[in-house]
Amino acid sequence: MSNSIYHDEYGSISHDDARHVLELTWSPATDHISDADFRALLSRFAQTAEQLPTEYLVVDERQLHHRPDADFDAWCDQNLVPHWNRAGVTKMAYLSPPAYAAEAEPAPEGPAEFPTCHFDSMQSVRDWFATA
């Protein structure tokens, strides 16, 4: 069962205590989110991973309308991934609209010590988390 950790206009963070899953769900209001607010919510998500038992991360971007600045990947590698590595994350899943879900194999991105993959259904995410 997931417990709500944080909620604002742009999204919510929840944690499944039993499964050690931390989830960020973006809201449709992200059509007018600033890059600073976008990064602030992601930073809260990353810091929360270190505060709670977190093995798996889910970012539900099906309603995300914001497109980050060109330097976002470098910022993410410096400001988010270290929190997730320290938390002991073993897998990260992006829940994307079907047209955007990648067909790529799970693989670490940047300095991440865990694989990341994109899916178009929560059941696919759960199935992947259940594999070794």
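Just so you know, these numbers use all the heavy atoms, side chains as well, and skip hydrogens, waters and symmetry mates.
The backbone N or O of Ile5 sits nowhere less than 3.5 Å from a side-chain atom of His7 that would complete a donor-acceptor pair. Side chain of Ser124 to main chain of Met122: no donor-acceptor pair is present (N/O by atom type, distance under 3.5 Å, no hydrogens or angles). Under the 3.5 Å distance criterion, the side-chain polar atoms of Asn85 are matched with a main-chain donor or acceptor of Pro111. For the pair Asp60 (side chain) and Arg62 (backbone), a donor-acceptor distance under 3.5 Å is present. With hydrogens and angles ignored, the 3.5 Å screen pairs a side-chain donor or acceptor of Ser27 with a backbone N or O of Ala29. Listed for the Asp8 side chain is a donor-acceptor partner under 3.5 Å among the backbone atoms of Gly11. Using modelled atom types, no side-chain atom of Asp31 and backbone atom of His65 make a donor-acceptor pair closer than 3.5 Å. In this structure, Lys91 contributes its side chain and Thr131 its backbone to a donor-acceptor pair below 3.5 Å.
Counting only N and O atoms by type, the side chains of Glu50 and Thr48 include no donor and acceptor under 3.5 Å apart. Judged by distance alone, the side chains of His83 and Gln51 never bring a donor and an acceptor atom under 3.5 Å apart. Under the 3.5 Å distance criterion, with hydrogens and angles disregarded, no donor-acceptor pair is assigned to the side chains of Asp37 and His66. There is a side-chain donor-acceptor pair under 3.5 Å between Glu61 and Ser96.
Heavy atoms of other residues, nucleotides or ligands lying less than 6.0 angstrom from CZ of Arg39 number more than 12.
Side-chain contact between Ser14 and Thr25 is absent, with no heavy atoms from C-beta onward closer than 4.5 Å. Side-chain contact check for Ile33 versus Leu64: every heavy-atom pair is 4.5 Å or farther apart. A heavy-atom distance below 4.5 Å is not found between the side chains of Pro115 and Glu105.
Connection of Leu41 to Val58 is not established within any shared hydrophobic cluster, with ILVMFWY side chains joined at heavy-atom distances below 4.5 Å, either directly or through further cluster members. A chain of hydrophobic side-chain contacts below 4.5 Å, direct or via other Ile, Leu, Val, Met, Phe, Trp or Tyr residues, connects Val89 to Val59. Trp84 and Phe129 are not part of a single hydrophobic cluster, where members link through side-chain heavy atoms under 4.5 Å apart. Under the 4.5 Å side-chain heavy-atom criterion for ILVMFWY residues, a single connected hydrophobic cluster contains both Tyr10 and Leu57. No continuous path of hydrophobic side-chain contacts links Val21 to Leu24 [ILVMFWY only; heavy atoms under 4.5 Å].
A cation-pi contact links Arg44 to Tyr6, judged by a cut-off of 6.0 Å to the six-membered ring centre and 45° from its axis.
The aromatic rings of Phe38 and Phe72 sit tilted relative to each other, their planes meeting at an angle between 30° and 60°.
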| Does the pair Trp128 and Phe119 meet the rule for a ring-ring contact (aromatic ring centres under 6.0 Å, His included), with working shown? | CA-CA 10 Å; Trp128 182 52; Phe119 298 92; 5.4 Å; yes
| task | Kindly indicate, with the supporting measurements, whether the criterion side chain to side chain contact (heavy atoms under 4.5 Å, CB included) is fulfilled by Tyr56 and Thr90. | result | CA-CA 6 Å; Tyr56 307 110; Thr90 60; 3.4 Å; yes
